Participant: 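Attaching a single structure in structure tokens format; questions to follow.
Just so you know, ligand 1 is whichever comes first in the structure, and atom 1 is the first atom listed for that ligand. Every value quoted in this text rests on a predicted model; they were computed, and no experiment measured them.
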Amino acid sequence: MSGAVVIGAQWGDEGKGKIVDLLAERFEIVARYQGGNNAGHTVVHGDETFKFHLLPSGILEPDKICILGNGVVIDPEVLVGELDALEARGRSTAGLRISMNAHVIMPWHRLLDQQSEVSLGSLQIGTTRRGIGPAYADKASRVGIRVQDLFDLGILQKKVAAALAIRNREILRGRDQGPLYPNKVVEELAPFAARLQPYAADTSLLIDQALKAGKRVLFEGAQGTLLDLDNGTYPFVTSSNPIAGGACTGTGVGPTKIDSVLGIAKAYLTRVGAGPFPSEADEERGAKIRDIGAEFGTTTGRERRCGWLDLVGLRYAVRLNGLTELVLTKLDVLSEFASIPVCVAYRLPDGTITEEFPAHQSDFHHAEPVWEERPGWNADISDATEWDQLPQAARDYVEWVADQLGIPVTLVGVGVRRDQVLAPHGMEAVARSAR
Ligand code: GDP
Ligand code: IMO
Ligand code: MG
């Protein structure tokens, strides 16, 4: 066994992309297993900044196989755009492999995502409007278009017509939009299909063969645990399974092949889109975190809502993902706070205090945070190159979190760059079980 999973332990944007980029050199394959271009990962390499939406964050590492697994939903135009942009910057994309079973985001998915948000009005989810939910809905309804369908335009035309026979009815209800025509949809898709064909592969088999040959595979999750369709803060969630279990269904490997699960969490908390957020900061301090942490969405540019670390949510992430270790990013962002509130429990409407994530949505919606103030360190830590160089209070914060969760913190982020990551237990302790 030598599979490790990287997951978001909060509501996304924890810095997964940066950590996958950093760890990729130690794995032969990086495989993304769910989500689509709702994801946005910023990866800083020297003085170059890359933003990925669909490509696995290991793509910058030379000579790696980077997989888009069957659980990913792919917008062909967006993917081709990313490939072209990367190649224009002199980077190779030859290592990319796309699962033939991955589903395709079609033009009607984008339309329906927008229409559904508009019709929900004040109840809207705040989706990225990239067509993610409708694409997964078509997959579950068994009228979805898969990557393998793109390579025979005759088959594609038939499947598009079958799907549109259903979805055009919904589109027309939106009034400001006429129906979509199958031949036009296929005609527009054809050039992207041709461009992607060389990358298509049986990726489940590829991963199995690699694992059998003793190679290491890093499974990359997008979004985060609390956005998980089954276990997150429903209905304010995405439409896939970002939790570690999704790595199996989303790439076609069995759970016995995975031995490390790394949860990525910020040293505080953010959320994009609507939904409850018990540890959300007051306006002034929220704006300060947003300012220092540059908390604006990579995909939509929206302001991220900012708050404090929520140990109830993180404990839940430890449980749902079977986390073996935690990576705490953006510790540097807290340097300017004299004292740092952390939500250690919830007070429920009936007065109960709980450390466990509420099973009932109404309890969560009305949960009040129980705070514990942790001392700040009032010093710039972004230049630290060794764990020991951090002020005692900063080390205490990290160790206290590890203690509360019962798992080690193996990496700590102190800045955007690749080298601004500290390993409290040494690099050899990171994803240890996957070697
Ligand atoms: P992802 O979606 O989980 O990959 O995360 P995003 O890329 O959307 O958001 C994380 C942001 O934080 C990016 O802009 C990163 O460059 C940045 N970042 C990552 N780690 C650190 C860190 O340790 N300190 C600081 N200041 N920024 C970080
Ligand atoms: P990464 O991979 C943060 C949020 C949206 C919305 C909800 C549903 O960068 O961490 P969707 O378009 O998926 O149907 O929107 O999920 N969301 C994210 N929030 N980071 C992400 O990805 C997200 N992907 C989706 O804001 O609230
Ligand atoms: Mg992101």
Participant: Please confirm whether Ala39 comes under 4.0 Å of ligand 1, counting heavy atoms of the residue only.
Facilitator: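 No, Ala39 has no heavy atom closer than 4.0 Å to ligand 1.
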Participant: Counting each atom of ligand 1 from 1 as listed, which ones have a heavy atom of Arg304 under 4.0 Å away?
Facilitator: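 Contacts of ligand 1 toward Arg304, numbered from 1: 8 (O), 9 (O).
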Participant: Fit a plane to each ring of Phe364 and Tyr346, take the angle between them on a 0 to 90° scale, and name the class: parallel (under 30°), tilted (30 to 60°) or perpendicular (over 60°).
Facilitator: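 If you compare the ring of Phe364 with that of Tyr346, the planes turn out tilted.
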Participant: Compute the angle centred on the Mg ion (ligand 3) spanning OD1 of Asp13 and O of Gly40, and express it rounded to 10 degrees.
Facilitator: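 Rounded to 10°, it measures 160°.
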Participant: Of all the atoms in ligand 1, which lie at a distance below 4.0 Å from a heavy atom belonging to Thr298?
Facilitator: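 Counting atoms of ligand 1 from 1, those under 4.0 Å from Thr298 are 8 (O).
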Participant: Please name the residue in the list His53, Glu117, Arg302 that meets the side chain to side chain contact (heavy atoms under 4.5 Å, CB included) test with Thr128.
Facilitator: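 Only match with Thr128 under side chain to side chain contact (heavy atoms under 4.5 Å, CB included): Arg302.
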Participant: As an exercise, identify every atom of ligand 1 less than 4.0 angstrom from a heavy atom of His41.
Facilitator: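 So the atoms of ligand 1 that pass are 1 (P), 2 (O), 4 (O), 7 (O).
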Participant: Does even one non-hydrogen atom of Gln420 get within less than 4.0 Å of ligand 1?
Facilitator: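 No, that is not the case, since the closest heavy atom of the residue is not under 4.0 Å from the ligand.
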Participant: Check Asp13 against ligand 2 and report side chain, backbone, both or neither, counting heavy atoms closer than 4.0 Å.
Facilitator: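 Both backbone and side chain of Asp13 come within 4.0 Å of ligand 2.
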Participant: Contact between Lys16 and ligand 2, counting heavy atoms under 4.0 Å?
Facilitator: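 Contact present.
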Participant: Please state whether Phe236 comes within less than 4.0 angstrom of ligand 2, counting heavy atoms only.
Facilitator: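 In this structure, Phe236 fails to qualify as a contact of ligand 2 - no heavy atom is under 4.0 Å.
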Participant: Could you tell me whether ligand 2 has any atom less than 4.0 Å away from a heavy atom of Arg130?
Facilitator: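 Distance cut 4.0 Å: Arg130 fails for ligand 2.
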Participant: Hey, does Thr127 come in under 3.5 Å of ligand 2, counting only N/O atoms on both sides?
Facilitator: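 No, there is no polar N/O contact under 3.5 Å.
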Participant: For the 3.5 Å polar cut-off, considering only N or O atoms, please tell me whether Val237 and ligand 2 meet it.
Facilitator: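 Among all N and O atoms of Val237, none is under 3.5 Å from an N or O of ligand 2.
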Participant: Just to be sure I'm reading this right: ignoring hydrogens, which of Gly126, Ser116, Gly221, Ser239 gets closest to atom 5 (C) of ligand 2? Compare them by their nearest heavy atoms.
Facilitator: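 Among Gly126, Ser116, Gly221, Ser239, the closest heavy atom to atom 5 (C) of ligand 2 comes from Gly126.
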Participant: Give a yes or no on whether Glu14 keeps an N, O or S atom under 2.8 Å from the Mg ion (ligand 3).
Facilitator: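 Of the N, O and S atoms in Glu14, none lies under 2.8 Å from the Mg ion (ligand 3), which means no.
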Participant: N/O of Thr329 under 3.5 Å from N/O of ligand 1, yes or no?
Facilitator: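 Such a contact does not occur with ligand 1.
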Participant: State whether the shortest distance between N or O atoms of Gly133 and N or O atoms of ligand 2 falls below 3.5 angstrom.
Facilitator: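 Looking only at distances, the answer is no, because the N/O contact criterion of under 3.5 Å is not met.
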Participant: Sort out for me which residue in Leu83, Leu54, Ile105 forms a side chain to side chain contact (heavy atoms under 4.5 Å, CB included) with Val78.
Facilitator: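 The residue from Leu83, Leu54, Ile105 that satisfies side chain to side chain contact (heavy atoms under 4.5 Å, CB included) with Val78 turns out to be Leu54.
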Participant: Strictly by modelled atom types, are His103 and Asp138 linked by a side-chain donor-acceptor pair under 3.5 Å?
Facilitator: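 Side chains of His103 and Asp138: no pair found under 3.5 Å.
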Participant: Check ligand 1 against Gly17 and write out every atom of the ligand that is under 4.0 Å from a heavy-atom position of the residue.
Facilitator: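 Once the distances to Gly17 are compared, the set is 4 (O).
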Participant: Just distances here: any N/O of Asp113 and N/O of ligand 2 closer than 3.5 Å?
Facilitator: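 No; every N/O pair is 3.5 Å or more apart.
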Participant: Heavy-atom distances under 4.0 Å are what count here, so tell me which part of Lys330 touches ligand 1: side chain, backbone, both or neither.
Facilitator: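 The answer is both.
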Participant: Mind checking whether Phe50 and Phe52 have parallel, tilted or perpendicular rings, split at 30° and 60°?
Facilitator: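 Phe50 and Phe52: parallel rings.
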Participant: N/O of Leu331 under 3.5 Å from N/O of ligand 1, yes or no?
Facilitator: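 No; every N/O pair is 3.5 Å or more apart.
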Participant: Can you tell which part of Asp13 has a heavy atom less than 4.0 Å from ligand 1: side chain, backbone, both or neither?
Facilitator: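 Both parts.
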Participant: Looking only at distances, please establish whether an N/O atom of ligand 2 is found under 3.5 Å from an N/O atom of Gln223.
Facilitator: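 It does: an N or O of Gln223 is found under 3.5 Å from an N or O of ligand 2.
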Participant: Tell me whether Gly40 reaches ligand 1 (any heavy atom closer than 4.0 angstrom to a ligand atom).
Facilitator: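 Right, Gly40 reaches ligand 1.
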Participant: Where does Thr42 meet ligand 1, judged by heavy-atom distances below 4.0 Å: at the side chain, the backbone, both, or neither?
Facilitator: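 Within the 4.0 Å criterion, Thr42 contacts ligand 1 through backbone and side-chain atoms alike.
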Participant: Centre of Phe337's six-membered ring, under 6.0 Å away, within 45 degrees of the axis: is that where NZ or CZ of Lys288 sits?
Facilitator: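 Yes, cation above the ring, under 6.0 Å and within 45°.
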Participant: Answer with side chain, backbone, both or neither: which part of Glu295 has a heavy atom less than 4.0 angstrom from an atom of ligand 1?
Facilitator: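 No part of Glu295 is near ligand 1 at this cut-off.
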Participant: Asn321 and side chain to side chain contact (heavy atoms under 4.5 Å, CB included): which partner among Asp228, Ile7, Leu262?
Facilitator: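 When side chain to side chain contact (heavy atoms under 4.5 Å, CB included) is applied between Asn321 and each of Asp228, Ile7, Leu262, only Ile7 qualifies.
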Participant: Mind checking whether Arg271 contacts ligand 2 via backbone (N, CA, C, O), side chain (CB onward), both or neither, at a 4.0 Å heavy-atom cut-off?
Facilitator: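 Arg271 to ligand 2: no contact under 4.0 Å from either part.
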Participant: I'd like to check which ligand 1 atoms, numbered from 1 as shown, lie under 4.0 Å from a non-hydrogen atom of Gly413.
Facilitator: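 Contacts of ligand 1 toward Gly413, numbered from 1: 23 (O).
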Participant: Would Glu220 count as a contact residue for ligand 1, given that I'm defining contact as a non-hydrogen atom of the residue lying under 4.0 Å from a ligand atom?
Facilitator: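 Heavy atoms of Glu220 never come under 4.0 Å of ligand 1.
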Participant: Using a 4.0 Å heavy-atom cut-off, which part of Val414 comes near ligand 1: side chain, backbone, both, or neither?
Facilitator: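 Backbone only.
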Participant: For atom 26 (O) of ligand 2, which candidate among Arg302, Glu220, Lys51, Glu117 provides the closest heavy atom?
Facilitator: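 Checking each option, the heavy atom nearest atom 26 (O) of ligand 2 is found in Arg302.
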Participant: Would you say Ala39 has an N, O or S atom lying under 2.8 Å from the Mg ion (ligand 3)?
Facilitator: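 So Ala39 does not count as coordinating the Mg ion (ligand 3).
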Participant: Heavy-atom distances under 4.0 Å are what count here, so tell me which part of Thr299 touches ligand 2: side chain, backbone, both or neither.
Facilitator: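 It is neither; nothing of Thr299 touches ligand 2.
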Participant: Can you pull out the closest protein heavy atom to atom 19 (C) of ligand 1? Residue, atom name and distance to 0.1 Å, please.
Facilitator: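 Result: Lys18 CD, 3.6 Å.
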Participant: I want to know if ligand 1 touches Val44 in the polar sense, i.e. an N/O pair below 3.5 angstrom.
Facilitator: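 No: no nitrogen or oxygen of Val44 is under 3.5 Å from one in ligand 1.
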